[in-house]
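Working notes, beginning with the structure itself.
In this chain, numbering begins with 1 at the start of the sequence shown.
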Amino acid sequence: MAEITVVLPDGSNRVLNSGSTVYDLAASIGAGLAKAAIAGKVNGELVDLAAQLPEGAVVSIITEKSPEALEIIRHSTSHLMAQAVKQLFPQAKVTIGPSIETGFYYDFDVDHPFTPEDLEKIESRMQELAKASEPIVRSELSSAEAVKKFSEMGEDYKVELITDLGVDSVSLYSQGDFADLCRGPHLPSTAFCKAFKLTSIAGAYWRGDEKRKMLQRVYGTAFADKKELDAYLERIEEAKRRDHRKLGRELDLFSFSDEVGAGFAIWHPKGAMLRTILEDFERKEHLKRGYDIVVGPQILKSELWQRSGHYENYRENMYFTEVDEQSFGIKPMNCLSHMMIYKSHLRSYRDLPLRYFELGTVHRHERAGVLHGLMRVRCFTQDDAHILCTPEQLDGEIKGVISFVSEIMAKFGFDFDMELSTRPEKSIGSDEDWERATSALLGALKDTGREFEINEGDGAFYGPKIDIKLRDCLDRKWQCATIQCDFTLPERFDLTYVDSDGEKKRPVMVHRVILGSIERFIGVLIEHFAGSFPTWLSPVQAVLLTVTDAQIPYAERLFEQLRAEGVRIQKDFRNEKLGFKIREAQLQKVPYMLIIGDKEVETGTLTPRFRDGKNLEPMSAEDFVSFISRESAHYH
């Protein structure tokens with residue numbers, strides 16, 4: 001019999017019979033590996049265990065412990081869910097069911113929305129199908145055969161997908177009475193779907209198009225074992241307890257109103273104070289680093305947006321209005337005004353770099369289906385800045401922004417990951433400018449020594465960018481800071497400076513945010529701290545609590561003194577039991593309760609109690625002000 005030679009990850013060779021599969025290779029290495037194997041990687045491509053091995057292939061065996069395993073497990077579990085749905089709801093039409101970062105989903109066209117009870121039935125049937133250990137089998141069909149097959153099954157959405165693919169052949173995966181269009185790879189059998197949970201139901205338009213039919217999206221998650229699943233579900237429950245929308249209501253920070261319109265936050269006094277603290281902090285940090293504070297108008301003529309490329313490439317995200325019979329665009333970004341400031345004077349190389357910073361409120365049209373509390377809104381404020389510099393200064397400016405991000409995130413206790421997003425299909429500018437911009441960002445990233453990923457095709461339409469995703473206490477990632485390198489807009493707006501040789505040159509523009517959207521960052525902070533903000537950030541730092549009405553005159557004087565010293569303080573002098581007032585303050589997550597009883601009146605002191613119940617020694621008002629200042633000093 002003919003033989004083939006394959007290469008293992010350690011560089012060693014293994015000789016197998018011609019026609020051997022990935023599973024055969026695993027079995028030749030050991031029975032334990034064959035039992036644990038779920039897929040393979042052949043010449044860098046993930047394949048099924050049943051895939052035949054070519055001569056000279058570099059092969060590794062994928063087990064449940066491999067980094068690639070989770071996506072395969074989740075994708076196969078989405079198919080298991082679709083099979084269960086088709087058995088329970090035969091009239092349901094299946095669409096797509098990918099794995100995602102938190103698990104998987106599958107979209108179904110059904111006559112009636114799924115209920116929580118339906119979810120329980122589907123999950124129960126999935127358990128039965130998993131125990132049945134049905135083999136998952138790949139087959140190749142011509143596109144014409146596949147269209148015929150799915151047409152006969154009444155699966156119109158699959159027919160549309162195959163037609164749009166425009167390929168000669170497609171692959172299908174079958175398990176029991178269910179078949180699905182899919183590239184794969186998949187688990188060897190349904191028995192490998194051992195730990196899963198359906199988590200929620202939502203509506204979703206077919207292909208994200210609001211003009212197409214609304215489908216039922218069922219979300220779930222899956223892991224290699226139950227221990228991992230249980231840990232994840234506990235994190236989900238903790239995330240629900242920390243949900244910024246829930247805490248925003250309970251702490252009276254902000255609200256949304258149908259009368260106002262979806263995606264527009266209304267900031268209540270405590271929420272507005274939280275914003276003010278953050279924005280004041282940002283202004284100080286930017287001034288320390290040589291930024292100039294600027295302010296641009298909310299609307300600009302549409303001709304400017306046409307010149308910048310926004311009208312052509314970003315118009316669907318913008319709002320427009322008319323003034324004096326002229327068209328104006330409501331700004332979705334702040335860069336145009338900043339370029340106008342630059343153009344207002346003749347610039348020399350000695351003036352550069354110029355760093356313009358604006359807490360700029362912008363409006364972007366987001367689809368109703370993606371709006372999510374403060375995390376995705378239609379009106380938000382960015383800590384936006386644009387750096388205009390010489391090409392020689394570019395590397396230092398990019399590294400300076402990365403350092404800025406690192407220092408600020410450390411103050412909030414966040415770590416972060418970075419990725420380089422490259423040119424998208426919809427873009428402006430020359431290949432040369434994109435290459436220069438991408439090389440500048442890539443070089444700066446490499447010099448930081450931090451790991452980063454490449455995110456192909458996800459840059460801004462005018463330039464590549466570094467996306468910085470912070471990680472919160474539940475290890476969730478949030479897009480906040482970004483650094484974009486732009487050679488194109490300075491060209492379109494004819495920005496110049498006079499160089500040392502007397503010649504006019506083009507500056508480079510760096511677009512960047514540190515926190516990003518103030519709204520989103522506050523949402524992340526609420527969930528990260530579960531509403532228990534550090535003292536320096538708390539909109540209310542302390543509440544004065546009297547034991548009886550007898551202490552009110554002294555407490556009033558203390559209140560005025562502490563407020564005058566800059567302590568953000570409230571008072572609760574109601575004729576209620578002290579324990580009741582303490583519990584209310586704790587529910588509001590106020591850092592300090594200042595207890596005023598007869599002893600405090602007699603000694604001219606106050607007794608601080610931390611929100612976790614710990615009592616401090618009595619102290620004077622002056623000492624409490626110093627105590628608060630020392631506690632906050634790290635952040636200023």
Side-chain angles (χ1 to χ4, degrees), residues 73-134 136 150 153-161 173-182 186-187 189-210 212-223 226 228-230 232-237 239-241 243 245-246 368-372:
I73 291 169
R74 288 172 171 174
H75 197 173
S76 295
T77 309
S78 78
H79 279 219
L80 186 73
M81 178 173 70
Q83 182 183 10
V85 167
K86 287 292 291 183
Q87 288 187 0
L88 292 169
F89 306 92
Q91 300 308 311
K93 294 184 178 182
V94 294
T95 63
I96 55 170
S99 63
I100 55 176
E101 188 174 356
T102 56
F104 59 87
Y105 69 79
Y106 212 112
D107 290 345
F108 302 95
D109 183 352
V110 287
D111 294 334
H112 303 288
F114 288 129
T115 65
E117 292 74 25
D118 291 333
L119 227 57
E120 291 179 15
K121 292 176 186 175
I122 295 166
E123 190 174 305
S124 178
R125 181 59 58 89
M126 289 170 68
Q127 298 285 3
E128 294 171 8
L129 293 169
K131 287 177 183 175
S133 189
E134 294 178 322
I136 301 174
F150 283 111
M153 293 164 63
E155 298 292 358
D156 307 334
Y157 295 94
K158 297 295 179 183
V159 172
E160 181 180 328
L161 288 170
Y173 281 83
S174 303
Q175 53 199 61
D177 58 355
F178 178 74
D180 205 353
L181 174 72
C182 192
H186 280 281
L187 298 170
S189 80
T190 59
F192 285 81
C193 299
K194 295 178 289 191
F196 52 82
K197 180 73 179 174
L198 301 187
T199 54
S200 63
I201 311 162
Y205 292 107
W206 171 232
R207 293 188 153 180
D209 186 344
E210 295 175 11
R212 304 294 295 273
K213 186 163 185 178
M214 173 71 78
L215 307 173
Q216 285 286 288
R217 176 169 293 179
V218 181
Y219 285 99
T221 193
F223 289 87
K226 191 173 184 303
E228 286 182 274
L229 175 64
D230 289 344
Y232 171 80
L233 293 176
E234 175 53 37
R235 288 198 302 274
I236 290 295
E237 287 305 309
K240 289 178 182 177
R241 290 190 284 271
D243 190 319
R245 296 166 298 179
K246 169 177 169 287
V370 302
L371 297 175
H372 178 75

Could you name each residue pair satisfying salt bridge (Lys or Arg N to Asp or Glu O under 4.0 Å) that touches residues 191-204, not counting sequence neighbours? Glu64-Lys194, Glu123-Lys197
Enumerate the residue pairs fulfilling salt bridge (Lys or Arg N to Asp or Glu O under 4.0 Å) with a member in residues 87-104, sequence neighbours excluded, ordered by first and then second residue. Lys93-Asp156
Donor-acceptor check, side chain of [X] to backbone of [Y], threshold 3.5 angstrom: yes or no?
X      : Y      : result
Thr190 : Leu129 : yes
Arg217 : Asp107 : no
Ser78  : Pro98  : no
Thr77  : Ile73  : yes

Set of residues satisfying salt bridge (Lys or Arg N to Asp or Glu O under 4.0 Å) with respect to [X], sequence neighbours excluded:
X      : answer
Lys131 : none
Glu134 : none
Asp118 : none
Lys121 : none

Could you tell me which residues satisfy ring pair (Phe, Tyr, Trp, His ring centres under 6.0 Å) with [X], sequence neighbours excluded, listed by chain and number?
X      : value
Phe178 : none
Tyr106 : Phe108
Phe104 : none

Can you name the one residue among Phe192, Tyr232, Phe196 that meets ring pair (Phe, Tyr, Trp, His ring centres under 6.0 Å) with Phe223? Tyr232
Which ring pair (Phe, Tyr, Trp, His ring centres under 6.0 Å) pairs, counting each pair once, include a residue from residues 73-93, with sequence neighbours left out?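 Sorted pair list: His75-His79, His75-His186, His79-His186, Phe89-Phe114.
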Walk me through it: do Leu198 and Met126 pass the test side chain to side chain contact (heavy atoms under 4.5 Å, CB included)? CA-CA 10 Å; Leu198 301 187; Met126 289 170 68; 4.0 Å; yes
Please list every donor-acceptor pair under 3.5 Å in which a side-chain atom of residues 201-210 meets a protein atom from a residue at least two apart or in another chain.
{"residue": "Trp206", "atom": "NE1", "partner": "Glu160", "partner atom": "OE1", "Å": "3.3"}
{"residue": "Trp206", "atom": "NE1", "partner": "Glu160", "partner atom": "OE2", "Å": "3.2"}
{"residue": "Arg207", "atom": "NH1", "partner": "Glu160", "partner atom": "OE2", "Å": "3.3"}
{"residue": "Arg207", "atom": "NH1", "partner": "Asp164", "partner atom": "OD2", "Å": "2.5"}
{"residue": "Arg207", "atom": "NH2", "partner": "Asp164", "partner atom": "OD2", "Å": "3.3"}
{"residue": "Asp209", "atom": "OD1", "partner": "Lys211", "partner atom": "N", "Å": "2.9"}

Can you sort out the partners of Tyr173 under side chain to side chain donor-acceptor pair (under 3.5 Å), two or more places apart, ordered by chain and number?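 Tyr173 satisfies side chain to side chain donor-acceptor pair (under 3.5 Å) with Asp48, Arg138 only.
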